[in-house]
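Numbers here simply count residues along the sequence, with the first being 1. Worth saying up front: this structure is predicted, and the values here are computed from it rather than measured.
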Amino acid sequence: MQIYASLPQDGSRKEFRRLVGYEKTEELKPGEKEMLNIVLPAKAFASFLEEQQEWRIQAGAYGIWIGNSLSEAKLSAGVKVSADVMMEKTKKLEDHSEVVEIKDCAEELCRRAEGWTALLEELPNVSFEPEAEEKKVCRFPEETEIPVEDLISLLYGNMSEIRSTLGASGIKVPGTAGETSEALLDQYGIPSLIMADGPAGIRLQQTYEVDREKDTVYGTGVLGSLENGYLVGKKDHEGAERYYQYCTAFPVGTALAQSWNKKLMEQFGRKVAAEMEEFHINLWLAPGLNIHRNPLCGRNFEYYSEDPFLAGTLATAVTRGVQSRRGCGVTIKHFACDNQEELHVKSGDLTEL
């Protein structure tokens, strides 16, 4: 079941309807019913005002649409807000890029809003008095006895000389994306963290060789981690033993999102965590919650949806599943720097560093 909201149209850019809540029923037999309790977060009704740099729930009438899809959703109720309420104040970062204006549909949206607001008189209506969100204060950790100069080593990782730095530079677990430095292990007992790429499960090198006499691990770099090494072939080294490591190939993010099932996504996260523990992986470079903005994006398969609410709630469920197992963490991506397709190769995935 999906719930959409239509917001008051005041001439600013707002979508006609937005997803504000959804839940999945259990598998029902013909004629069976199930009661669903869907909680709508207040901030889902807020709009971002760019000039004021704030999220605000604006006064006016809101339409509530209910159905099993956007196309089937019916206007079912109204919500009335008496006064504007600022939910969150943000700070504008320096921006020197040119803003490309999009087609202004405000007049058309206002005209459509007149149609559904007129129907609210015949439907149930409730009053809603939103409250501003409590400001979250980020506290710095307590000062450590480790000198700042020594902590600098945490900013770089252990890089293998025989591997590409593109997603497969791990040493301890062949095929992993990389690992943090061990420079603080002996003196301070801080071990390195091993990171594996995603998002369709953890990505490792399926096979590798170990020469114990030479204390050498033979890997094949990033290409050896793709398509089970099909792109590079297999080379045997004299005196080395060959090992295999198999991970589950889960469906990609876009396919998983079609389930609209938060419970299933959390189970998926738990399964990933089980394999992370098996292979001694600390951080999973996933989930990806970028919204689908452009079909030219070569990483759209990693992401869940063009809808930010759906993408965010599903990524939350996956995160909850992975981090339910002690010692397993996620790195949600990409919060910034990976949303443009023009000159994309120059923008870089800085948020994965």
Answer yes when Lys29 and Glu32 have at least one side-chain N-carboxylate O distance shorter than 4.0 Å, and no when they do not.
no
Trp116 vs Phe16, test: side-chain contact (heavy atoms from CB on, under 4.5 Å). Steps then yes/no.
CA-CA 11 Å; Trp116 63 260; Phe16 177 54; 3.6 Å; yes
Could you check whether any side-chain heavy atom of Phe45 comes within less than 4.5 Å of a side-chain heavy atom of Met87, counting everything from C-beta outward?
no
Are the side chains of Lys14 and Gln58 in touch, meaning some heavy atoms are under 4.5 Å apart?
yes
Between Met1 and Ile66, is any pair of side-chain heavy atoms under 4.5 Å apart?
yes
Can Arg111 and Glu114 be counted as an ion pair, charged N to O under 4.0 angstrom?
no
Any side-chain heavy atom of Ile64 within less than 4.5 Å of one from Ile3?
yes
For a 4.5 angstrom cut-off between non-hydrogen side-chain atoms, does Val322 reach Trp284?
yes
Heavy-atom donor-acceptor pair, Asp186 side chain to Leu184 backbone, under 3.5 Å
no
In plain terms, say whether Arg325 and Glu277 are close enough for a salt bridge, that is, a side-chain N and a carboxylate O under 4.0 Å apart.
yes
Stepwise, does the side-chain contact (heavy atoms from CB on, under 4.5 Å) test hold for Trp65 with Arg17?
CA-CA 8 Å; Trp65 306 69; Arg17 289 183 290 190; 3.2 Å; yes
Short side-chain donor-acceptor distance under 3.5 Å, Thr90 and Glu54
no
Measure across Val173 and Ile194 and return the closest heavy-atom pair with its distance rounded to 0.1 Å.
CG2-CD1, 3.9 Å
Shortest non-hydrogen separation from Tyr303 to His292 and the atoms involved
O-NE2, 3.3 Å
Side-chain contact test, heavy atoms from C-beta onward, threshold under 4.5 Å: evaluate it for Tyr22 versus Phe309 and give yes or no.
yes
Give a yes or no answer on whether the side chain of Ser76 reaches the backbone of Lys74 with a donor-acceptor pair at less than 3.5 Å.
yes
Asp150 versus Tyr188, side-chain donor and acceptor atoms under 3.5 Å
yes
Out of curiosity, Cys328 SG to Asn282 CG, how far, rounded to the nearest 0.5 Å?
8.0 Å
A side-chain contact here means heavy atoms from C-beta on lying under 4.5 Å apart; do Tyr62 and Ser6 qualify?
no
Could you tell me whether a side-chain N or O of Gln258 sits under 3.5 Å from a main-chain N or O of Thr254, the two making a donor and an acceptor?
yes
Correct closest heavy-atom pair for Ala61 and Leu120 would be CB-CD1, 3.9 Å
How many angstroms lie between CZ in Arg270 and CZ in Arg320, if you round to the nearest 0.5 Å?
9.5 Å
Measure the spacing between CG of Asn261 and CD of Gln267 and express it to the nearest 0.5 Å.
7.5 Å
What's the shortest heavy-atom distance between Ile38 and Glu23, and which atoms?
CG1-CG, 3.5 Å
Whether Ser305 side chain and Leu310 backbone form a donor-acceptor pair below 3.5 Å
no
Got a second to check how far Thr316's OG1 is from Met265's CE, nearest 0.5 Å?
10.5 Å
Are the side chains of Ser192 and Leu185 in contact, using a 4.5 Å heavy-atom criterion?
no
Between Lys89 (side chain) and Trp55 (backbone), is there a donor-acceptor pair under 3.5 Å?
no
Check the hydrophobic clustering (I, L, V, M, F, W, Y; side-chain heavy atoms under 4.5 Å; chains of links allowed) and say if Val252 and Leu204 are grouped together.
no
Can you tell me if Ser259 uses its side chain to pair, donor with acceptor, with the backbone of Ala257 under 3.5 Å?
no
Taking the basic N atoms (NZ, or NE/NH1/NH2) and the acidic carboxylate oxygens, is any pair closer than 4.0 Å for Glu266 and Lys262?
no
Taking only Lys NZ, Arg NE, NH1 and NH2, and the carboxylate oxygens of Asp or Glu, determine whether Lys263 and Glu26 approach each other closer than 4.0 Å.
yes
May I ask you to decide if Gln245's main-chain N or O and Gln206's side chain share a donor-acceptor pair within less than 3.5 Å?
no
Minimum heavy-atom separation for Pro287 to Val330, with atom names?
CD-CB, 4.0 Å
Might you work through the side-chain contact (heavy atoms from CB on, under 4.5 Å) test for Glu209 and Glu241, ending with a clear yes or no?
CA-CA 5 Å; Glu209 289 183 298; Glu241 297 179 347; over 6 Å; no
Is a salt bridge present between Glu179 and Lys172, judged by a nitrogen-to-oxygen distance below 4.0 Å?
no
Are Arg56 and Asp10 within salt-bridge range, i.e. N to O under 4.0 Å?
no
Could you tell me whether a side-chain N or O of Asp197 sits under 3.5 Å from a main-chain N or O of Arg203, the two making a donor and an acceptor?
no
After noting the C-alpha distance and the side-chain angles of Arg242 and Asp236, does the key distance pass the side-chain contact (heavy atoms from CB on, under 4.5 Å) rule?
CA-CA 8 Å; Arg242 182 167 293 280; Asp236 293 324; 2.9 Å; yes
For a quick check under 3.5 Å, do Tyr4 and Gln2 share a side-chain donor-acceptor pair by atom type?
yes
